[in-house]
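All residue numbers refer to positions in the sequence shown, counting from 1.
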Amino acid sequence: MDMKTSEKVHEIGYLLKDAKIIVNQDLNFDVAGIKVESKQGEMMNLPRWVGQILEENGLGDLDSPDMITELKQALSKEKMIGEYQVSTLMPDFYIKLRASMKKLDRHDFDNVESVLLELFRMRRGKIVKLADSSKLTAELNSKLTVEEKMFFESISENSKQFERQIRGDADE
């Protein structure tokens, strides 16, 4: 599976997970096998995609983690650890962050994006070094996001292929 397809599959999985929704008005509906009966002010667990639709239509508020704070904390942790180590990020960290960033105004989006790019560049450099020098251990695997694992594997495979080419056994 290519990187874009894999990322899309994980994003769909994220949207299928339950999320907390605070209902803004009395609701009663049955759509796509999801039956909802709720009073105003109640908190419900529903698939995130349902929560997003309710929120977009002013029918509920989706309880989402503060990904901007998590981004800043992740950058701070990344700066503190060594050059050949990465801090732990949730597997769906970037998926959640992109969803949060879609709700921001242009100014806030630009500020958050600059922090994201700083974190991304720092982790990318570390992942390239790690992929070129070691295998994806269980410990490292648990620290990387879905996208970063795929990047690690790609760099590792390309590095091995390049080494075989230089040694002269690329076709073997």
Do you reckon F151 sits in the same ILVMFWY cluster as V146, going by side-chain contacts under 4.5 Å, direct or chained? no

With sequence neighbours excluded, tell me which residues meet side chain to side chain contact (heavy atoms under 4.5 Å, CB included) with F120. R124

Results of salt bridge (Lys or Arg N to Asp or Glu O under 4.0 Å) for E70 - residues two or more places apart only: none

Show your working on salt bridge (Lys or Arg N to Asp or Glu O under 4.0 Å) between E113 and R98 and close with a plain yes or no. CA-CA 10 Å; E113 186 178 46; R98 281 193 307 269; over 6 Å; no

Side chain to side chain donor-acceptor pair (under 3.5 Å) partner of E163, the single match among Q165, K160, R167: R167

With rounding to the nearest 0.5 angstrom, report the NZ to CZ distance, K135 to F152. 9.0 Å

Could you go through residues 42-49 and list every donor-acceptor pair under 3.5 Å that involves a side-chain atom there, pairing it with any protein atom two or more places apart or in another chain?
residue, atom, partner, partner atom, Å
E42, OE1, S38, OG, 3.0
E42, OE1, K39, N, 3.3
R48, NE, Y14, OH, 3.3

Could I get the full list of salt bridge (Lys or Arg N to Asp or Glu O under 4.0 Å) partners for R121, not counting sequence neighbours? none

Can you name the side chain to side chain contact (heavy atoms under 4.5 Å, CB included) partners of T137, sequence neighbours left out? E139, L140

Distance, nearest 0.5 Å, that separates CD of E153 from OG of S156: 6.0 Å

Working to the nearest 0.5 angstrom, can you tell me the gap between I166 CD1 and Q161 CD? 11.5 Å

Starting at CE of M80, measure out to OG of S87 and round the result to the nearest 0.5 Å. 9.0 Å

Can you list, by chain and residue number, the hydrophobic cluster partners of M122 when the side-chain cut-off is 4.5 Å? M67, I68, L71, L75, L89, M90, F93, Y94, L97, M101, L104, F109, V112, V115, L116, L119

Start with the C-alpha gap between K77 and I81, add the side-chain angles, then the distance that decides, and say whether side-chain contact (heavy atoms from CB on, under 4.5 Å) holds. CA-CA 7 Å; K77 288 177 188 174; I81 62 174; 5.8 Å; no

Tell me which donor-acceptor pairs under 3.5 Å the side chains of residues 19-36 have, and how far apart each pair is, sequence neighbours excluded?
residue, atom, partner, partner atom, Å
N24, ND2, G58, O, 3.4
D26, OD1, Q40, N, 2.8

Taking salt bridge (charged side-chain N to carboxylate O under 4.0 Å, His left out) as the cut-off, I'd like each qualifying pair that reaches into residues 9-18, sequence neighbours left out, listed once. K17-D92

Can any side-chain N or O of D105 pair as donor or acceptor with the backbone N or O of H107 at less than 3.5 Å? yes

How far apart are the C-alpha atoms of I127 and L144, what are their side-chain angles, what is the distance that settles it, and do they pass the side-chain contact (heavy atoms from CB on, under 4.5 Å) test? CA-CA 9 Å; I127 291 168; L144 301 178; 4.0 Å; yes

Got a sec, which residues hit side chain to side chain contact (heavy atoms under 4.5 Å, CB included) with N141, two or more places apart in sequence or on another chain? L136, K149

Using the side chain to side chain contact (heavy atoms under 4.5 Å, CB included) criterion, which residues pair with A99? Sequence neighbours excluded. none

Residues passing the salt bridge (Lys or Arg N to Asp or Glu O under 4.0 Å) test with K129, sequence neighbours excluded, are E83

Does S154 reach the main-chain N or O of M150 with its side chain, forming a donor-acceptor pair under 3.5 Å? no

How many angstroms lie between OG in S134 and OH in Y84, if you round to the nearest 0.5 Å? 10.5 Å

Treating D132 as the side-chain partner and V128 as the backbone partner, does any N or O pair qualify as donor plus acceptor under 3.5 Å? no

Checking K103 now: which residues fulfil salt bridge (Lys or Arg N to Asp or Glu O under 4.0 Å) with it, not counting sequence neighbours? E55

Mind checking the CD-CD spacing from Q85 to E78? Nearest 0.5 Å is all I need. 9.5 Å

